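What follows is one structure encoded as C-alpha cells, with my remarks underneath.
Note that the structure is a prediction, hence the values are computed from the model and not measured.
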Amino acid sequence: MPELISSPTSAAATAAPAATPALAAAVAAALAPRLFAQAAHSDIEGNFPSEEFDWLREAGLLTAPLPAALGGSGLNETAHTYELLSTLRHIGRGNLAVGRIYEGHANALQLIGRFGRPAQVQAWAADARAGHLFGVWNTEAHDGVQLEPLPDGRFRLSGSKTFGSGAGHLSRPLLTAALPEGGGWQMLVLPADTQVPEYDARFWRPLGMRASASFRVDFTGLEVEPEQLLGAPGDYYRQPWFSGGAIRFAAVQLGGAEAMFDETRRFLRALGRTDDPYQRQRLGQLSILIASGQHWLQAAAELAARPGPDAETVVAHANLVRSAIEDICLRVLPLAERCVGARGLLRPEPFERLHRDLTHYLRQPAPDAALADAGRYALTHPRPAHRLWHE
C-alpha cells in the first residue's frame with residue numbers, strides 16, 4: 001500500500017493563492033520547466049509526484065480554483081475558463097501525471113462549489129486552504145461502489161473504483177456511489193486520511209502516466225456522515241457540466257503536445273539541423289497543430305463565457321474540442337519522432353517518456369461516441385456553419 005498523506009501541516013499548506021486567475025496561469029507557466037526537469041525522476045510505476053505537489057501548494061495553485069471570498073483566485077469561475085485551461089495546459093506541459101491529478105483536484109472543487117450547501121463549501125474550502133488534495137474517482141470496478149443507509153443516519157460503503165488517480169495521496173477524494181433500489185448515483189467526499197480505503201497498486205501496470213498512482217480503491221466497510229454527501233442523486237451526471245468538463249483534460253493533453261514540440265525543437269537546434277528543409281517542413285506542420293490546439297482552447301473558453309449557451313451546444317462543442325485535440329496530439333507524436341529519429345528515442349532524452357504518457361492519457365472514455373454526438377448536433381440543427389457554434 002502506498003504511504004497515505006495525512007492532514008497537511010507544513011508551511012506550504014497555508015501558502016497564499018495567486019491573486020487573480022491570470023496570475024495563477026502565469027505561476028503555472030513559470031513552474032512548468034521545473035516540473036519538466038523533475039518528471040524523469042518521478043516516472044516510476046506506482047509513484048506519486050509528492051515534491052511536485054508541494055511546489056503547487058507553495059505556489060498557491062491548490063487553492064486557486066476556490067472563489068476569492070474563500071481564499072482562492074476564482075480560477076473555476078466561468079468567466080475565467082481560459083485562465084483555468086491555460087493553467088492546466090502549463091502544468092501538463094511540465095508533467096502529464098501532475099496535470100492529470102491537478103485537473104481532478106480542480107474538478108472536485110468545481111463540483112463542490114456547484115452542488116455543495118454553504119456549510120459544506122466553507123468546510124471543504126478550509127480543507128483546500130489547509131493543503132488537502134482533492135480529486136474525482138468515478139470509474140467503477142466490477143464490484144461497483146454502493147452506499148447503504150444505516151439506522152443511525154450514517155452510510156456504509158462497499159465496492160471499488162479503478163483508475164483512482166493519486167490513490168493513497170488524495171486526502172479528500174470525491175466519488176460516486178449507487179444508492180439502494182435504483183435511487184441513483186450519489187456524490188460524496190471521503191476524508192481518506194481518517195476513513196482509509198484499501199489501495200491495490202497491482203492494478204496499475206501502465207504504458208505511461210506511471211507517476212499518477214491510478215490504483216484500484218476498495219471502500220468496503222467505510223462509513224460516512226450525512227454531511228459528507230454532496231448534492232442530490234444524479235447531480236454528478238448533470239449536463240452540460242459532466243461532458244462539458246472534457247475541455248479540462250484536453251487542455252492538459254495539449255500541454256503534453258507542447259512539451260513534445262519544445263523538446264523536438266531543442267533537440268534539432270542542439271544537433272545543428274535547423275537548416276534541413278525536411279526538418280523545417282515538419283516543424284511547420286507541428287506549428288500548425290500546436291496553434292490549432294491553442295485556438296480550440298480559446299474557442300472553448302469563449303463559448304463558456306458567452307451568456308446563456310444551452311447545455312446541448314456546450315456538450316457538442318466540448319466533444320469537438322476533445323476530439324480535435326486528441327487528433328492533434330496523435331499527429332504530433334509521429335511527426336516529432338521523425339524529427340528526432342532513433343537517437344532521440346534513447347534515454348535520457350525525454351521523448352520516450354513523453355510519448356508513453358501522452359499516448360496513455362489520450363485514451364479517454366468513449367472517443368467515438370463523443371465525436372458522433374458532435375455530428376448528431378450538426379445534423380439536427382439547421383443553422384449554417386458560420387453560426388452553428390457561435391450564436
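- Taking Arg34 as the reference, nothing meets the salt bridge (charged side-chain N to carboxylate O under 4.0 Å, His left out) condition, with sequence neighbours excluded.
- Hydrophobic clustering places Val217 together with Val196 (ILVMFWY residues linked when any side-chain heavy atoms are closer than 4.5 Å, directly or through intermediates).
- Residue pairs meeting the salt bridge (Lys or Arg N to Asp or Glu O under 4.0 Å) criterion with at least one partner in residues 35-49, sequence neighbours excluded, are Asp43-Arg210, Asp43-Arg356, Glu45-Arg205.
- For the pair Ala25 and His90, the tightest heavy-atom approach, listed with the atom from each and the gap, is O-CD2, 3.5 Å.
- For Arg282, the CZ atom sits in a packed shell: over 12 heavy atoms of surrounding residues, nucleotides or ligands are nearer than 6.0 Å.
- Under a hydrophobic clustering in which Ile, Leu, Val, Met, Phe, Trp and Tyr are joined whenever their side-chain heavy atoms come within less than 4.5 Å, directly or via other members, Leu88 and Tyr82 fall into different clusters.
- Residues passing the side chain to side chain donor-acceptor pair (under 3.5 Å) test with Thr264: none are found, sequence neighbours excluded.
- Here Val189 sits in one hydrophobic cluster together with Leu66, Leu70, Leu109, Leu111, Ile112, Phe115, Val121, Trp124, Phe134, Val136, Leu174, Trp185, Met187, Leu230, Tyr236, Tyr237, Trp241, Phe242; the rule is ILVMFWY side chains under 4.5 Å apart, joined directly or through other members.
- Cation-pi contact between Arg331 and Phe261: absent, since separation from the ring centre below 6.0 Å together with deviation from the ring axis within 45° is not met.
- Taking Ala324 as the reference, Trp296 meet the side-chain contact (heavy atoms from CB on, under 4.5 Å) condition, with sequence neighbours excluded.
- Linking ILVMFWY residues whenever their side-chain heavy atoms come closer than 4.5 Å, directly or via other members, leaves Val321 and Leu371 in distinct clusters.
- Evaluated for a side-chain contact (heavy atoms from CB on, under 4.5 Å) with Pro21, the options Asn76, Leu75, Thr81 yield exactly one hit, Leu75.
- None of Trp204, Tyr199, Phe215, Phe53 except one satisfies the ring pair (Phe, Tyr, Trp, His ring centres under 6.0 Å) rule with Phe48; the exception is Phe53.
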Output side-chain donor-acceptor pairs under 3.5 Å for residues 334-351, partner residues at least two apart or in another chain, one line each.
unit_1: Glu337; atom_1: OE2; unit_2: His355; atom_2: ND1; d: 2.4
unit_1: Arg347; atom_1: NH1; unit_2: Glu352; atom_2: OE1; d: 3.4
unit_1: Arg347; atom_1: NH1; unit_2: Glu352; atom_2: OE2; d: 3.4
unit_1: Glu349; atom_1: OE1; unit_2: Arg266; atom_2: NH2; d: 2.8

